[in-house]
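Every heavy atom of this structure was used, including side-chain atoms; hydrogens, water molecules and symmetry mates were not. A, B, ... follow the sequence lines: proteins, then strands. Residue 1 opens every chain.
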Amino acid sequence: MNLDTRTAVAWITRAADDVRADEARLTSLDAAVGDGDHGANMTRGLAAATASFAEKPPATPGAVLVAAGRSLVAKTGGASGPLYGTGLRKAGKALGEAEQAEPAAVAEALQAMLDGIRELGEAAEGDKTMIDALAPAVAAFRDAVDDGADLGAAARAAADAAEEGLAATVPLQARKGRASYLGARSVGHEDPGAASTTLVLRALAEVTTEDAA
Amino acid sequence: MNLDTRTAVAWITRAADDVRADEARLTSLDAAVGDGDHGANMTRGLAAATASFAEKPPATPGAVLVAAGRSLVAKTGGASGPLYGTGLRKAGKALGEAEQAEPAAVAEALQAMLDGIRELGEAAEGDKTMIDALAPAVAAFRDAVDDGADLGAAARAAADAAEEGLAATVPLQARKGRASYLGARSVGHEDPGAASTTLVLRALAEVTTEDAA
Amino acid sequence: MKKLINSPDSVIADALRGMAAAHPALSVDHDTRVISRAGGAAQGKVGLVSGGGSGHEPLHGGYVGPGMLDAAVPGEIYTSPVPDQILAATKAADGGAGVLHIVKNYTGDVLNFRMAAELAEDEDIRVSAVVMNDDTAVEDSTFTAGRRGTGATVVAEKIAGAAAAQGADLDAVTRLVTEVNDRSRSFGIALHAGTVPAAGTPGFELGPDEVELGVGIHGEPGRERGSMAPVRDLVAYALEAINADRPVGGDVLVLLNGQGGTPLIELYGAYAEAVDWLEGHGATVTRNLVGNYITSLDQAGFSITVTALDDELVRLWDAPVETPALRWGR
Amino acid sequence: MKKLINSPDSVIADALRGMAAAHPALSVDHDTRVISRAGGAAQGKVGLVSGGGSGHEPLHGGYVGPGMLDAAVPGEIYTSPVPDQILAATKAADGGAGVLHIVKNYTGDVLNFRMAAELAEDEDIRVSAVVMNDDTAVEDSTFTAGRRGTGATVVAEKIAGAAAAQGADLDAVTRLVTEVNDRSRSFGIALHAGTVPAAGTPGFELGPDEVELGVGIHGEPGRERGSMAPVRDLVAYALEAINADRPVGGDVLVLLNGQGGTPLIELYGAYAEAVDWLEGHGATVTRNLVGNYITSLDQAGFSITVTALDDELVRLWDAPVETPALRWGR
Ligand SMILES: Nc1ncnc2c1ncn2[C@@H]1O[C@H](COP(=O)(O)OP(=O)(O)O)[C@@H](O)[C@H]1O
Ligand SMILES: Nc1ncnc2c1ncn2[C@@H]1O[C@H](COP(=O)(O)OP(=O)(O)O)[C@@H](O)[C@H]1O
Ligand SMILES: [Mg+2]
Ligand SMILES: [Mg+2]
Ligand SMILES: [Mg+2]
Ligand SMILES: [Mg+2]
């Protein structure tokens, strides 16, 4: 299958639902190493994104992601708003005007998302941020597509890689974001942004798998 | 025996010691129905009184009580300072210049103390104040003296009556002082001022009993 | 409860050192414990003295300065100051035109200020006193020690300060303070008890769903325990109590006061509710203070004072004031 | 933890209603959430905008007014505001002479303000930005997100406000704020965690004998846990950290700031200790603020900011200011 408008809307909507359902965990992760608002931020931003789809239905999957990105910038606040928002906007721009995006195009869009977040936030892998879930996820997605996987299989590979990346943030010392103020005290905790990234990618895997079924 | 200067000093000193030893209870009683400072107030005031004796040794028992009263006014603060302070001053004035006070004179002094506190605070028996310990104590002292008791016996009778009076404050609703703000909620608690009065009178009983022994 | 102190015994002394260091316009007598104006009493002006237990800062020391108090008398935490202290403050405030004592209605405050006034009269200083009893929570009857003095004390100190600065004589200033008292009603609600340094633990226990309705400024209980509720309902309860005692209407001043442990963002939310309620009951809030003005250490909660205004009171409220805690005008 | 709110979701909206009602000199846009001056931007004057998460009141809305900010941008509790908000504030502050953004160094604040500045430039408003990073608790290195912006933000807003009011151009105001940042160091210590309304329980756990050394203004941890100690020792710890980073000397301004849950009487005691320590280390405290100026909801604790003064900064500090939270001068 390809990523069409409906599936893109379903993705963001599912991500909003999954994040809201898991908001307390994101809050708790961010309370341990930050200021405790990551759960509320992501819930608010993704809710705004889904609301925008209803208000002004996007015509293409690219437009869906651009609209989602704009909503996240406009409504989330904090560090995660500009980062996720810019990332999704760039992913949407990369999809162009096509009404459907093949897995390879989706891979490029995810790459654009990763590049956008890295450029804006200047974090590298190992800095204990969302990048530590997103970068392996994007690499896994690309590899799966190169191996001929369909959209659902590539998305599942990405979600699995993100979960591994999230787990791998535990022993890291944060070098970016609020957790970096703690220095060595940030070791032993999952990064909140990596946790929300994992939820977002799992949502993509869910909707593309269900869709295909 | 009579109340001489040494015994008067011993009384106030013992009262200071006993109050300090029981400060936490006075604090706790005042926390329940007031602002929690009665223990600290009485400790501070009585300590000032004993310090004044060392600085400027009084020459007569009357002077002892007048000096104690002045210290209590000058150092205690709160409601109890002016009330106890005025009471002791009037008691001291009633003892005049005598170097010794016979039990009957001590009874008059205690009556003057009671009258002074009642006049200043305008509380009556049953209002749930120090008066509810002091009035029965003074009555018991007078009765004992009329029955020919010596100083120690009269003081013990007064202390016992004070303790009964203290217990009798428990079911009362406060009509004076800070506890009166609670209305019916003041019922079921001992009055802090009655508790400190009981300690002060027990101290008199102790020093006059030990002295005689 | 951890407190930012050296020891319970040194809290007042340390705070006085800090006030003296922070405010060159104040003169602090650390031995007697009096806070007065560095320039001394203004000759020919009525002197204004207030005081009470410490723990209510900025009340009263933070209100010493042009347009408000001449001297403030801080007792021990929650404990009335002693006559000698109040006498010293009275002398420091004395400009030869008499001195007004603004006294909050608590037995200890009343007795100690009265004894001090007698001592001052012995020294030929004419002293007048007004006892503030604006708190509506406690019934004013012969079966209680009377209504307590709370938030209206701040208003009274400002009004009196302006009047005295403008040359009003002792009787006129006394009359104005009495008027403020008559025109004001207050009510407080605590969400969490504060902790007195000497005690080390909170002064009373409030359950997770309990509030103390009509709490006093020394953390003493008030009318009754109540259930926790949204701020609009708590504010409504307080204003209903005030309104039942002295109906609101016309132009009013509102003091939406923090008891110490409630953040300013919450106080503003409470103020919004207070304005809505009052305007719905025919009053117009034309002047206000929102913040920590008469506190109870770290107690969480708020109190509302509503003062019925007239043109004279508004002019006096607007008059310039230059103190650590209130500053406006030219 | 009981909070004086209607619901966690309405806290900001309610507080903005209250601020609008309390301060006629402010204009509050409740939809976009911008606090600006009721009279609008002064034409020809450099506009000053600051903002950040809510929960630090009076920062920043309480600093809007003549001699200080033109507009403030309140985000959700402890959450950076969004670019559209900041853009609206920038427009409200724009008097045609450029706008300075005073930004506290947190990733979210920096990114959102930067995005807003780009949007403003697209609309031909010249925007300059200074990122405040005065907090000495966190190491400033490539291995962290950098030092945090804390108490010096208050000082910077005052200095910038005075300079702008006196006609300084955008480059000059930017230079001054950068100077304030360079000349200031801060350090905070928490005794008790605060509670964010959405969470309902304290943000972190401190044992009965623990303090958080170098705590952040959003309640985020800092340098390390430490042992509770008398205030003179806690103040000394903070000042030693500041001094080690930027040695103190000469005339200084001290902000002895309450984090929200610490009573004013304790803040004054802490200030006394700060003055003693600084004077023992060759500095003279010639200006100060003692009180709640940059808070963290109901967190108990204090922070110290020390700013090295020169004549220009003193003159700008003393210049008149007329805002809800700071008022002096003529
Ligand atoms: N420079 C950065 N680059 C990438 N991700 C970052 C960066 N800074 C922070 N983050 C991510 O943002 C998350 C925190 O988001 P959030 O709590 O919403 O914002 P804030 O830290 O402003 O409160 C972190 O867990 C981290 O994953
Ligand atoms: N009008 C009064 N007459 C007699 N005793 C009083 C009166 N008011 C208060 N008291 C006594 O004072 C006690 C409280 O003293 P204290 O706590 O030291 O003062 P405060 O109430 O000012 O804090 C009460 O328990 C009561 O016995
Ligand atoms: Mg966060
Ligand atoms: Mg008491
Ligand atoms: Mg008391
Ligand atoms: Mg945040």
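When heavy atoms are compared at a cutoff of 4.5 Å, D/Pro197 does not approach chain C at all. Proximity to chain C is absent for every atom of D/Ile189, based on heavy atoms less than 4.5 angstrom apart. Heavy atoms of C/Pro320 lying under 4.5 Å from chain D are absent altogether. Both the backbone and the side chain of C/Met19 come within contact range of chain D, each with at least one heavy atom under 4.5 Å from a heavy atom of that chain. For C/Leu289, no part lies near chain D; criterion is any non-hydrogen pair under 4.5 Å. Contacts between C/Gln299 and chain D at a heavy-atom distance below 4.5 Å are absent for every atom of the residue. Only the side chain of C/Thr262 comes within less than 4.5 Å of a heavy atom in chain D; its backbone stays farther off. With a threshold of 4.5 angstrom between heavy atoms, C/Leu234 approaches chain D through side-chain atoms but not through N, CA, C or O.
Side-chain contact between C/Thr295 and D/Leu264 is absent, with no heavy-atom pair separated by less than 4.5 Å. Between D/Ser54 and C/Ile265, the closest side-chain pair of non-hydrogen atoms falls below 4.5 Å.
In this structure, the side chain of D/Arg327 does not engage the main chain of C/Trp328 through any donor-acceptor pair within 3.5 Å.
The residues D/Lys2 and C/Glu210 are annotated as not salt-bridged, no charged nitrogen and carboxylate oxygen being separated by less than 4.0 angstrom.
Scanning all heavy atoms of the two residues, the minimum distance from C/Ala15 to D/Tyr268 falls at O-CB, 3.6 Å. Between D/Gly18 and C/Ala272, the closest heavy-atom pair is N-CB, 3.5 Å. The shortest heavy-atom contact between D/Ala21 and C/Asn288 is O-ND2, 4.3 Å.
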Verdict with reasoning, D/Glu273 to C/Asn6, per side-chain contact (heavy atoms from CB on, under 4.5 Å): CA-CA 10 Å; D/Glu273 301 299 347; C/Asn6 284 315; 2.7 Å; yes
CA sep, side-chain torsions, deciding dist, call: D/Asp298, C/His192, side-chain contact (heavy atoms from CB on, under 4.5 Å): CA-CA 12 Å; D/Asp298 55 342; C/His192 292 279; over 6 Å; no
Evaluation steps, side-chain contact (heavy atoms from CB on, under 4.5 Å), between C/Glu57 and D/Leu267: CA-CA 10 Å; C/Glu57 291 71 19; D/Leu267 298 180; over 6 Å; no
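In terms of non-hydrogen atom pairs under 4.5 Å with chain C, the most contact-rich of D/Asp14, D/Leu191, D/Val290 is D/Leu191. The residue among C/Ala229, C/Pro24, C/Gly269, C/Ala22 with the most heavy atom pairs within less than 4.5 Å of chain D is C/Ala22.
Ring centers of C/Tyr271 and D/His23: at least 6.0 Å apart, outside the cut-off.
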